[in-house]
**Student:** 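Dropping the structure in here first, questions after.
Letters go in sequence order (proteins before strands), and every chain restarts at 1.
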There are 2 protein chains.
Amino acid sequence: MNSQPATKNLLKLDVQLCFALYSTLLGINKVYRKELQALNITYPQYLVLLVLWEGDQLNVSEICERLFLETTTLTPLLKRLEVRGLIKRQRSASDERQVIVTLTEEGQALRATAEKIPACVAGNMNCSFEEIGALRDQLVALRTNLFKNA
Amino acid sequence: MNSQPATKNLLKLDVQLCFALYSTLLGINKVYRKELQALNITYPQYLVLLVLWEGDQLNVSEICERLFLETTTLTPLLKRLEVRGLIKRQRSASDERQVIVTLTEEGQALRATAEKIPACVAGNMNCSFEEIGALRDQLVALRTNLFKNA
DNA sequence: TGCATTTATATCGCACACGATATAATATTC
DNA sequence: GAATATTATATCGTGTGCGATATAAATGCA
């Protein structure tokens, strides 16, 4: 259909995909804060744990790449996770520049508690698995383009 | 199809819609930082201007509601926009509790420069207008659910 | 009218998030 | 093998983003 004229105001807030993304993430963070409060961790910390639960013994850069974050963000975050007792940070023996991140027993154990979170968050979304999967794939495609050009 | 067993690992990073959203927003911020550098403002500041360009003379709470942000976030941000010379903040005469936000001439003038930003960002997305619109609508629906329950 | 309650904004503390920069270890080049 | 370049992480400064709390103005109610 697209009955809108070409002069449609692109600066209108509610027209913008970027704001929809931005504000939806605020809502997601809100839900996660509530859920993660019991684990005493933040959402970005939870993401680091997701990465480590898939495979341990990663250096800082590898975690950065996986999460699309900068070292500047991760270094202090990892220190907090270490203080929290969930990970260990130790320099690599073969390359002293690298810091290898490993889960502690407590960090590994936390996985069991975290298992119930995805379903809980999905409950707050009122979405079917199909919708969630489709939306995720569209976003990943968008992300690929954004990081290609930026 | 959905050939995945019910015991599929929901904690896998790349399965999660939330991480897709989170990381896509990182990419969007990256693009906007580059574009907004010329205007010497940040993306959240840009969002406040979008709101004000649609209609001036709003108090802090009204801007909060529009952007899904807390006063705690907006008060210092608005002060920075005032220092930057783009807005004025003045207590309402009829209700001294309220702070009314108004665009300065410079703030109004900035709109002309900002007009070219949406097309530029869309270019970095490599998406058709139809795809963008559809994705936006899905996200808005998701956002509605998230803020309903949280 | 007087006092408790509500409302609007501000302050504080903490945790991201990143650009600019620093530092130390490794790799490269001659 | 010494000088240079690259790589991995860390430090610093600025700007969000929010929960807990403070404060002052307006409202409600006895």
**Student:** Checking all strands, does B/Thr42 fall into the base, sugar-phosphate, or nothing category for heavy-atom contacts under 4.0 angstrom?
**Tutor:** sugar-phosphate
**Student:** Does A/Gln98 put a side-chain nitrogen or oxygen below 4.0 Å from OP1 or OP2 of C/dT26?
**Tutor:** no
**Student:** Starting at the 5' end of DNA chain C, which residue's closest nucleotide do you reach first, A/Asp95 or A/Pro44?
**Tutor:** A/Pro44
**Student:** Taking the ring centre of each residue, are B/Tyr43 and A/Tyr22 less than 6.0 Å apart?
**Tutor:** yes
**Student:** Which whole-number value in Å describes the distance from A/Lys30 NZ to D/dG17 C1'?
**Tutor:** 10 Å
**Student:** Measure the distance from CD on B/Glu96 to C1' on C/dA10 and round it to the nearest whole Å.
**Tutor:** 15 Å
**Student:** Nearest whole angstrom, please: distance from the P of D/dC18 to the OH of A/Tyr32.
**Tutor:** 17 Å
**Student:** Which is true for B/Ser61 with a 4.0 Å heavy-atom rule: it touches a base, it touches only sugar-phosphate, or it touches nothing?
**Tutor:** sugar-phosphate
**Student:** Could you state the CZ-P distance from A/Arg97 to D/dT6, rounded to the nearest angstrom?
**Tutor:** 13 Å
**Student:** When all nucleic acid strands are considered with a 4.0 Å heavy-atom cut-off, which category describes A/Asn29: base, sugar-phosphate, or nothing?
**Tutor:** nothing
**Student:** So what does B/Leu69 touch, heavy atoms closer than 4.0 Å: a base, only the sugar-phosphate, or nothing?
**Tutor:** sugar-phosphate
**Student:** Ion pair present between B/Arg89 and B/Glu82, side-chain N to carboxylate O less than 4.0 angstrom?
**Tutor:** yes
**Student:** Roughly how many Å is it from CD1 in B/Ile28 to C1' in C/dA17, rounded to a whole number?
**Tutor:** 16 Å
**Student:** If I take atom CZ in residue B/Arg33 and atom P in nucleotide D/dT14, what distance separates them, rounded to the nearest angstrom?
**Tutor:** 17 Å
**Student:** Within less than 4.0 Å of OP1 or OP2 of D/dG17, is there a side-chain N or O belonging to A/Tyr22?
**Tutor:** yes
**Student:** A/Phe19 versus B/Leu50: any side-chain heavy-atom pair under 4.5 Å?
**Tutor:** no
**Student:** Of the nucleotides C/dC16, C/dA10, D/dT16, which has the atom closest to the A/Thr73 side chain?
**Tutor:** C/dC16
**Student:** So, is A/Arg80 close to the C/dC14 phosphate, meaning a side-chain N or O under 4.0 Å from OP1 or OP2?
**Tutor:** no
**Student:** Between B/Ala93 and A/Thr75, just flag the one whose closest nucleotide in DNA chain D comes earlier from the 5' side.
**Tutor:** A/Thr75
**Student:** How sharply is the helix from C/dT1-D/dA30 to C/dC30-D/dG1 bent, taking the axes over five pairs at either end and rounding to 10 degrees?
**Tutor:** 10°
**Student:** Salt-bridge test for A/Lys116 and A/Glu35: reply yes if a basic N is under 4.0 Å from a carboxylate O, no otherwise.
**Tutor:** no
**Student:** Could you check whether atom CD of A/Glu115 has more than 12 heavy atoms from other residues, nucleotides or ligands sitting under 6.0 Å from it?
**Tutor:** yes
**Student:** In terms of side-chain geometry, is the basic nitrogen of A/Arg111 or A/Glu54 positioned less than 4.0 Å from the acidic oxygen of its partner?
**Tutor:** no
**Student:** Given C/dT9, D/dT11, C/dA15, identify the nucleotide with an atom nearest to the side chain of A/Thr72.
**Tutor:** D/dT11
**Student:** Taking atom P of C/dT26 as reference, at what distance in whole Å does atom CZ of A/Arg91 sit?
**Tutor:** 10 Å
**Student:** Would you call B/Asp14 and B/Lys12 a salt bridge, taking side-chain N to carboxylate O under 4.0 Å as the test?
**Tutor:** no
**Student:** May I ask you to say what A/Leu77 touches in the nucleic acid, namely base, sugar-phosphate or nothing, with a heavy-atom cut-off under 4.0 Å?
**Tutor:** sugar-phosphate
**Student:** Between C/dT9, D/dA10, D/dG17, which one does the side chain of B/Thr71 approach most closely?
**Tutor:** C/dT9
**Student:** Distance check: side-chain N/O of B/Gln37 vs OP1/OP2 of C/dG19, anything under 4.0 Å?
**Tutor:** no
**Student:** Could you tell me how far apart A/Lys79 (NZ) and C/dC16 (P) are, to the nearest whole angstrom?
**Tutor:** 14 Å
**Student:** Is it true that A/Glu105 and A/Lys88 make a salt bridge, defined as a side-chain N closer than 4.0 Å to a carboxylate O?
**Tutor:** no
**Student:** From the list D/dC18, D/dA10, C/dA17, which nucleotide is the closest neighbour of the side chain of A/Val60?
**Tutor:** D/dA10
